[in-house]
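Reviewing the structure listed below.
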Number of protein chains: 2
Amino acid sequence: MPGQHRWRKRFAGHVCRWTMPREAILKLLSQTTKHLSAKEIYSALLRSYPGIGLTTVYRTLDLLEKTGMIKKFNFRQGESRYEFASENKPHHHHLICTSCGKIIDYSDFADEELELVDKSAKHLAEKYKFLVQDHNIEFYGLCQQCQKD
Amino acid sequence: MPGQHRWRKRFAGHVCRWTMPREAILKLLSQTTKHLSAKEIYSALLRSYPGIGLTTVYRTLDLLEKTGMIKKFNFRQGESRYEFASENKPHHHHLICTSCGKIIDYSDFADEELELVDKSAKHLAEKYKFLVQDHNIEFYGLCQQCQKD
DNA sequence: CTGATAATGAAAATCATTTTCATTAAAAAT
DNA sequence: ATTTTTAATGAAAATGATTTTCATTATCAG
Ligand SMILES: [Mn+2]
Ligand SMILES: [Mn+2]
Ligand SMILES: [Zn+2]
Ligand SMILES: [Zn+2]
């Protein structure tokens, strides 16, 4: 019986029961800056919550994504990765090392980027009648360490 | 015994033999503007080349990607999609409809985008010692048709 | 034309993710 | 506090994309 957590209210309308796996997964994601995969989350929780199932991790991640509390990414790796989303965390994008898989957050040029994105969205709406709801910018390359090899 | 195709020379160093599957797959991709999946390519070729294997399609796509003759994309769908790459085809990005999966090429704002990307790459190289080699911009949303539903 | 072997294709294996279904536990009702 | 309802869970099986294995085939150098 998990405590009345501050996150609980954000689930109203999406879900009826507040459970330990949901709390544990959200807590873990909120406390790391990493971009974790479902299996990594599962492994990390096994210590504090033996008996948790990988299936539940996947289901919970889907749920959290739908409520907008986490973001899901498909970098060019096999598995999806997830990160906690919060209002005070700035809009950002990623550098992905194609050699070791390292992921770096960056939010430099957010203003200029947003300007270009907005302009593009408006233009694309007119030209293609396409309603832009989300965008994604990624840089692929080599991290400092991997450039040495 | 496939003819001495104009593409053949581009494989020097990567591959020793020029085969029918390689020619057929490259030809198909060069003639469509669509972003095809491995299975779609396999299905399309079955007519003109019965007996072709899906395995070979995958292997050939990997090869073509390594030689830079095609590009591979992982939109948020289950399967990877591929498009022909050529010098005269302009650098472009994609609008992806999250409802029906439709993919639209666009190259508007290429100049401004490139300017921002270059500036970012330079900055990121300094700040994070990250060597940018490639970038990816995608817009997700609803196509004209799907906005009506 | 012939031999060496790169490339192929069928089948099996892998890997991430989803589905199924019997069991458990959150929380509403008593 | 206890019972009841049923949403949520977790083990196991299923799925779907992609990769690996390996015996066979076909390219192409000699
Ligand atoms: Mn991030
Ligand atoms: Mn394209
Ligand atoms: Zn690296
Ligand atoms: Zn659509």
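Numbers restart at 1 for each chain; the letters A, B, ... are given by sequence-line order, proteins then strands.
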*Can you sort out the partners of Y42(B) under side-chain hydrogen bond (donor to acceptor under 3.5 Å, both in side chains), two or more places apart, ordered by chain and number?*
none

*Quick one: is dC28(D) close enough that its OP1 or OP2 comes under 4.0 Å of any side-chain N or O from R8(B)?*
yes

*Report the distance from atom CD1 of I25(B) to atom P of dA7(C), rounded to the nearest whole Å.*
13 Å

*Is the shortest distance from a Lys or Arg side-chain nitrogen in E79(A) or R81(A) to a carboxylate oxygen in the other one below 4.0 Å?*
yes

*If a protein heavy atom is under 4.0 Å from the base, mark B; if only from the sugar-phosphate, S; if neither, -; do that for nucleotides 6-15 of chain D going 5' to 3'.*
BBSBBBB---

*Quickly work out the K39(A) NZ to dT14(C) C1' distance and round it to whole Å.*
10 Å

*Can you list the other members of the hydrophobic cluster that holds V132(B), where links are side-chain heavy atoms under 4.5 angstrom apart?*
L95(A), I104(A), Y106(A), V117(A), L124(A), Y128(A), F130(A), V132(A), I137(A), F139(A), L95(B), I104(B), Y106(B), V117(B), L124(B), Y128(B), F130(B), I137(B), F139(B)

*asked:* So, using side-chain hydrogen bond (donor to acceptor under 3.5 Å, both in side chains) as the criterion, who are the partners of E112(A) when residues are at least two apart?
replied: K119(B)

*In terms of ring plane angle, is the pair H35(B) and H94(B) parallel, tilted or perpendicular, where the classes change at 30° and 60°?*
perpendicular

_Applying side-chain hydrogen bond (donor to acceptor under 3.5 Å, both in side chains), can you list everything that pairs with K129(A), at least two apart in sequence or on another chain?_
none

*Contact class for S37(B) (heavy atom, under 4.0 Å): base, sugar-phosphate, or nothing?*
nothing

*Other hydrophobic cluster members with L131(A), side-chain heavy atoms of Ile/Leu/Val/Met/Phe/Trp/Tyr under 4.5 Å, chained?*
L142(B)

*Net bend of the helix from dC1(C)-dG30(D) to dT30(C)-dA1(D), end axes of five pairs each, nearest 10 degrees*: 30°

Sequence neighbours excluded and cut-off under 3.5 Å, please list the side-chain donor-acceptor pairs for residues 47-68 of chain B, or say none.
from, atom 1, to, atom 2, distance (Å)
S48(B), OG, L45(B), O, 3.4
T60(B), OG1, T56(B), O, 2.7
T67(B), OG1, L64(B), O, 3.0

*Please state how far atom CG in L63(B) lies from atom P in dT19(D), giving the value in whole angstrom units.*
13 Å

*Rounding to a whole Å, what distance do you find between D62(B):CG and dA7(C):P?*
14 Å

*Is Y58(A) near enough to dT17(C) that one of its side-chain N or O atoms lies under 4.0 angstrom from OP1 or OP2?*
yes

*Write down the distance between CZ (R76(A)) and P (dT18(D)), rounded to a whole number of angstrom.*
15 Å

*Interatomic distance where CZ belongs to R81(B) and C1' belongs to dA17(D) [whole Å]*: 13 Å

_Partner residues of K72(B) under the side-chain hydrogen bond (donor to acceptor under 3.5 Å, both in side chains) criterion, sequence neighbours left out_ = none

*Grab the CD-P distance between E23(B) and dA6(C) for me, whole Å please.*
22 Å

